[in-house]
Amino acid sequence: MESEKSFIALIEESIKKNWDADALTDYKGATLQYKDVARKIEKIHIILEESGVKKGDKIAVCGRNSSHWGVTFLSIVTYGAVIVPILHEFKPDQVHNIVNHSEAKLLFVGDVVWENLDESAMPNLEGILLMNDFTILVSRSEKLNHARENLNALFGQKYPRNFRKEHISYHKDSSEEMLVLNYTSGTTSFSKGVMLPSRALWSNVEFGKEKLGKALKAGDKIVSMLPMAHMYGLAFEFLYEFCAGCHVYFLTRTPSPKIILQAFAEVKPELVIAVPLIIEKIIKKNVLPKLETPTMKFLLKVPIVSDKIKEKVREQIMQAFGGNFYEIVVGGAAFNQEIEQFMRSINFPYTVGYGMTECAPLIAYEDWKEFKQASCGKPVHRMEVKILSPDPQYIVGEIVCKGDNMMLGYYKNPEATAEAIDKDGWLHTGDLGVMDAEGNITIKGRSKNMILGSSGQNIYPEEIEDKLNNMPFVSESIIIQQADGKLAALIYPDFDDAFAHGLDDKAVENAMEENRVNLNAELPAYEQIARIKIYHEEFEKTPKKSIKRFLYQEVR
């Protein structure tokens, strides 16, 4: 039945059930209870209704994570409009283009974002509002002005005595109805508008309840640090938790390791959702250097002493993330194998998931106790996954999937939709991998990144980069094929670390050349790196912290 897959019904139920509980907190700021969220939702509904917004109209949102962002999202979808979340890291012209392409009627913004936008570049908007207090920044509609000026009076007329949970009755969504129009920021191409239906959001939230319900209960806390305009952070640091009655703390600033560790120590979340870069930075900077001293290396070879050290290290890292979590779920990009090997060696409770915006986002996951190292879990409930390969266990092929989590297609882009979803309904992920007999998926790389060697060999640059990134003074790298067919390594060194060890620019170059020679010693002939190029700035990244590879396809 349609009602069984109603995402909006999950929101409504949670608000009524957790009415007096804490819901959303801006870290170091104010807290909203579920009843406060409901009240704010009702006020936004009045603004939308009085402004003439109809069911199915698009409303864009652009700003840093905050409780106001969360309230705005909930308000738009429960009204029956389509939300267009836009990453606050996008440049102004990207924001303008998305607002225009999506045909958004209104735009809710954060104050920092608003400073850089140009309303004249978005001529079809009827209004722009500040999301923290609904202040009108731009209005091209008398109805909108009237709604905002008389908001409290209109609310009082609608609820003359007081506003109670019995008053809540949100839009009744159908499973195929589009609720979110999410523009990707891919590593291999430019933005496309992913149309996500109610069933996809419902299925992801339900999966969270089914698999994480024992670890995360109503009233439990979580820290939201990934951008909510991206599906990974939106679904598993906000929507699932809100529907489960949890208390979400938003890091309203850029999540540096220092701020993250401070927030975890105070909040002590019951679950941690992260991208690999955050985990890798914390372990590489705070943990591994202590274990790489001559004394520690010797002690780690002594059996009983080694176990004690690993136990102590495990406890220290657990405490760094608040010491109260069931597991860390890592996703959004490839996980460094050396760091993963280390985490497995100390029996750390981590797992790696796999997904994409087009699946809102989950495709695969496994509980940390069952998780197979180097994999990214098994297909999630209500999703089928297969490998397009003559021998999926051993021969790499493209990963394809279908099921409830899948998108409807790309907005106003039938060509891209037909390219992504085949005639049998399988979504082609563009990722390459294998799947063992138990269903564990291991990703080898992206099909668009795969390099064809001079003798026809398949080269997966991600596997070479993983080795190179573990070499001295390397922060990040990209392996590309040059015009002559030879491979080159683009490297952004860890200059801070290098300079701290007394290296100057010339010595850094020499160290990178030494890395190239040592790396080649580990690689087969067809994967040899012919040259390196040093970059003095970090590579440009997507919100998931994956490098935008399409910007770096030649050695300049």
Side-chain angles (χ1 to χ4, degrees), residues 10-11 13-14 17-18 21-25 27 34 70 201-226 228 231-251 260-261 263-276 278-279 282 314-332 335 340 343-344 346-355 360-373 375-383 405 439-440:
L10 296 179
I11 296 171
E13 286 160 19
S14 182
K17 192 174 176 183
N18 302 290
D22 290 341
L24 312 176
T25 295
Y27 180 58
Y34 278 82
L201 301 174
W202 172 86
S203 182
N204 272 277
V205 169
E206 276 299 301
F207 182 78
K209 289 182 175 181
E210 291 154 5
K211 289 296 278 190
L212 294 165
K214 61 182 180 296
L216 206 61
K217 297 178 175 58
D220 283 352
K221 297 184 283 290
I222 190 161
V223 174
S224 169
M225 57 183 168
L226 303 175
M228 290 211 292
M231 279 313 302
Y232 182 34
L234 179 65
F236 288 98
E237 286 185 337
F238 175 54
L239 297 181
Y240 157 56
E241 284 79 4
F242 189 87
C243 291
C246 298
H247 183 183
V248 182
Y249 287 76
F250 295 104
L251 292 187
I260 289 168
L261 294 176
F264 282 137
E266 289 180 35
V267 176
K268 301 189 187 315
E270 272 82 3
L271 182 71
V272 177
I273 307 291
V275 290
I278 290 170
I279 307 293
I282 288 167
R314 180 184 191 270
E315 183 54 33
Q316 282 179 346
I317 303 176
M318 293 284 286
Q319 287 306 318
F321 290 98
N324 192 41
F325 60 92
Y326 173 70
E327 68 181 6
I328 288 183
V329 182
V330 182
F335 200 17
E340 183 173 359
M343 290 174 80
R344 177 57 65 106
I346 61 171
N347 195 33
F348 191 83
Y350 80 97
T351 185
V352 179
Y354 168 50
L362 272 190
I363 296 171
Y365 163 89
E366 183 56 279
D367 184 281
W368 79 273
K369 292 174 182 171
E370 313 295 327
F371 174 71
K372 178 186 174 184
Q373 186 180 333
S375 80
C376 57
K378 297 171 183 165
V380 298
H381 301 164
R382 297 172 290 280
M383 287 295 284
N405 294 13
N440 295 296

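Note that this is a predicted model, so its numbers are computed, not measured.
- What you find for Phe236 and Pro361 is that their closest heavy atoms are CE1-CD, 3.8 Å.
- Residues Ile11 and Cys243 form a side-chain contact, since some pair of their non-hydrogen atoms from C-beta on lies under 4.5 Å apart.
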**Request:** Please step through side chain to side chain donor-acceptor pair (under 3.5 Å) for the pair Tyr249 and Glu266, ending with a clear verdict.
**Result:** CA-CA 11 Å; Tyr249 287 76; Glu266 289 180 35; over 6 Å; no

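- With salt bridges taken as basic N to acidic carboxylate O contacts below 4.0 Å, none links Glu241 and Lys221.
- Between the side chain of Glu237 and the backbone N or O of Met228 there is no donor-acceptor pair closer than 3.5 Å.
- In this structure, Tyr350 contributes its side chain and Arg344 its backbone to no donor-acceptor pair below 3.5 Å.
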**Asked** Could you walk me through whether Leu239 and Leu234 pass the side-chain contact (heavy atoms from CB on, under 4.5 Å) check?
**Response** CA-CA 6 Å; Leu239 297 181; Leu234 179 65; 3.8 Å; yes

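- You'll find the ring centres of Tyr240 and Phe207 outside the 6.0 Å limit.
- When all heavy atoms of Arg382 and Ser203 are compared, the pair lying nearest together is NE-OG, 2.9 Å.
- Screening Thr25, Leu24, Ile222, Asn18 for a side-chain contact (heavy atoms from CB on, under 4.5 Å) involving His247 leaves a single residue, Thr25.
- You'll find the side chain of Leu10 reaches within 4.5 Å of the side chain of Lys209, heavy atoms only.
- Using modelled atom types, no side-chain atom of Tyr27 and backbone atom of Ser224 make a donor-acceptor pair closer than 3.5 Å.
- Taking each heavy atom of Ala235 and Ala360 in turn, the nearest pair found is CB-O, 3.9 Å.
- Listed by first then second residue, pairs satisfying side chain to side chain donor-acceptor pair (under 3.5 Å) with a partner in residues 316-329 read Glu270-Asn324, Glu315-Gln319, Tyr326-Asp367, Glu327-Tyr365, not counting sequence neighbours.
- Crowding of Lys217 atom NZ: a count of heavy atoms from other residues, nucleotides or ligands under 6.0 Å exceeding 12.
- The ring pair (Phe, Tyr, Trp, His ring centres under 6.0 Å) test applied to Phe264 returns Phe321, not counting sequence neighbours.
- The side-chain heavy atoms of Phe325 and Val223, taken from C-beta on, include no pair separated by under 4.5 Å.
- Considering all non-hydrogen atoms of both residues, Ala244 and Ser14 come closest at N-OG, 4.4 Å.
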